[in-house]
Amino acid sequence: MSKIEVVLASSSPRRRQLLGEAGIRFRVQAADADESLDDDLRADPARAARTVAERKAAMVVQQVIADSLTHTTAVIGADTMVVLDGQIFGKPQNFSAACGMLRKLSGRTHQVITGVSVWMLEPTADGEVSIGRRTFSEVSEVTFKDLSDDDIKTYVHTGEAYDKAGSYAIQGEGARLVAHWEGDWRNIVGLPVETLLYLVPALCESDT
Ligand SMILES: Cc1cn([C@H]2C[C@H](O)[C@@H](COP(=O)(O)OP(=O)(O)OP(=O)(O)O)O2)c(=O)[nH]c1=O
């Protein structure tokens with residue numbers, strides 16, 4: 001079976017770790033994609049997560065093709081959003097925004113949606129590139145404990161909240177905020193690896 005090169009279009013250390021732990025060999029090429037959402041996308045968080053994941057992958061696909069493609073390459077983009085009552089929570093801008101998100105999540109159940117987009121690039125005999133694309137999203141649910149203002153401020157002071165959707169990390173100190181969760185834990189952390197490898201088994205033939 002022919003080997004493929006896998007490129008993770010992400011600067012997230014969590015995604016890097018999850019993909020590595022799944023035994024996939026890959027290189028990282030971060031994408032500085034547009035993560036803005038219009039009202040249409042805001043109204044459909046799962047589609048929003050898939051759209052942003054596609055933008056991230058597409059940006060790196062352009063670079064990979066421009067650098068000249070020599071063998072089959074898979075480019076993976078992903079985007080994670082926290083959604084409460086249909087409202088999307090991204091990464092907080094500052095201390096008070098992080099506290100505000102956690103106050104809203106306190107005592108409630110929210111969804112964590114990760115969109116994933118995998119683009120398979122294949123050089124053709126006539127010097128062109130054939131492109132196949134698979135995009136999906138996965139939903140997990142997280143229920144927070146009732147949090148006091150002190151709990152919230154103490155947590156945000158750890159510094160962990162800032163680069164995380166919804167202002168917490170279930171894989172870190174943030175686990176103490178969580179009463180329970182359902183679905184794929186790795187989806188909450190940023191990459192639904194099980195579904196990814198089920199839908200795109202060719203990734204298991206990685207050779208970077
Ligand atoms: C809810 C939750 C999110 N997160 C993280 C996963 C993502 O890295 C981040 C959401 O931001 P994203 O925009 O999805 O990703 P990113 O900016 O970190 O990386 P890139 O765009 O380069 O791929 O929140 C956790 O680490 N733990 C959690 O429990």
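Just so you know, these numbers come straight off a predicted model, no measurement behind them. Order of listing sets the numbers, starting from 1, for every ligand and every atom in it.
When hydrogens are left out, the protein atom nearest atom 6 (C) of ligand 1 is Val189 O, 3.2 Å; that is the closest non-hydrogen contact. Protein heavy atom at the shortest distance from atom 7 (C) of ligand 1 is Arg15 NH2, 3.8 Å. Looking at atom 24 (O) of ligand 1, its nearest protein heavy atom turns out to be Ala165 N, 3.0 Å. Protein heavy atom in closest approach to atom 18 (O) of ligand 1: Arg14 NH2, 3.5 Å. Closest to atom 29 (O) of ligand 1, if we only count protein heavy atoms, is Ile170 N, 2.8 Å. When hydrogens are left out, the protein atom nearest atom 26 (O) of ligand 1 is Gln171 NE2, 2.8 Å; that is the closest non-hydrogen contact.
Residue Glu194 qualifies as open at atom CD: its count of foreign heavy atoms under 6.0 Å is 12 or below.
Taking 4.0 Å as the cut-off, Ala169 counts as a neighbour of ligand 1 on heavy-atom distance. The shell of residues lying under 4.0 angstrom from ligand 1, judged by heavy atoms, excludes Met81.
Per-residue contacts place Asp79 under 4.0 angstrom from the following atoms of ligand 1 (heavy atoms of the residue considered): 12 (P), 13 (O), 14 (O). Atoms of ligand 1 lying under 4.0 Å from any heavy atom of Lys56, numbered from 1 in the order shown and given with element: 12 (P), 13 (O), 14 (O), 15 (O), 20 (P), 21 (O), 23 (O). Remark: ligand 1 atoms within the under-4.0 Å shell around heavy atoms of Ser10 are 19 (O), 20 (P), 22 (O), 23 (O). Those atoms of ligand 1 that come under 4.0 Å of a heavy atom in Tyr168, given as number and element, are 1 (C), 2 (C), 27 (N), 28 (C), 29 (O). Residue contact check: Ser11 has heavy atoms under 4.0 Å from atoms 19 (O), 20 (P), 22 (O), 23 (O) of ligand 1. Near Thr80, meaning under 4.0 Å from any of its heavy atoms, are these atoms of ligand 1: 10 (C), 14 (O). Close approach of ligand 1 to Ser12 is summarised as follows: ligand atoms under 4.0 Å from at least one heavy atom of the residue are 8 (O), 18 (O), 19 (O), 22 (O). Near Ile188, meaning under 4.0 Å from any of its heavy atoms, are these atoms of ligand 1: 1 (C), 2 (C), 3 (C), 27 (N), 28 (C), 29 (O).
Closest heavy-atom contact between Ala57 and Gly77: CB-N, 3.8 Å.
Between the side chains of Glu122 and Ser130, no donor-acceptor pair is found at a separation under 3.5 Å. Side-chain contact of Arg50 with Thr135: a donor-acceptor pair under 3.5 Å is absent, judged by distance alone. For the 3.5 Å distance criterion, the side chains of Thr114 and Thr80 qualify, holding a donor opposite an acceptor.
The option from Lys91, Arg55, Lys164 that lies nearest to atom 25 (C) of ligand 1, judged by heavy atoms, is Lys164.
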**Request:** For side-chain hydrogen bond (donor to acceptor under 3.5 Å, both in side chains), just list the numbers for Ser140 and Asn187, CA-CA rounded to whole Å, side-chain angles, deciding distance to a tenth of an Å, and then say yes or no.
**Result:** CA-CA 7 Å; Ser140 304; Asn187 184 51; 3.0 Å; yes
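Residues Val7 and Thr73 meet the side-chain proximity criterion, which asks for heavy atoms closer than 4.5 Å. Using a 4.5 Å cut-off on side-chain heavy atoms (C-beta onward), Leu147 and Tyr155 make no contact. Between Leu105 and Phe89, the closest side-chain pair of non-hydrogen atoms falls below 4.5 Å.
Taking the side chain to side chain donor-acceptor pair (under 3.5 Å) definition, one finds that Arg103 meets it with Asp149, sequence neighbours left out.
Close N/O approach between Ala9 and ligand 1 is not found [any backbone or side-chain N/O within under 3.5 Å].
Considering Glu21, Arg14, Arg15 as possible partners of Gln17, the one that fulfils the side chain to side chain donor-acceptor pair (under 3.5 Å) test is Glu21.
By the 30° and 60° cut-offs, the orientation of the rings of Tyr168 relative to Phe144 is perpendicular.
With a 4.0 Å heavy-atom cut-off, ligand 1 is reached by the backbone of Asp163 but not by any atom from C-beta on.
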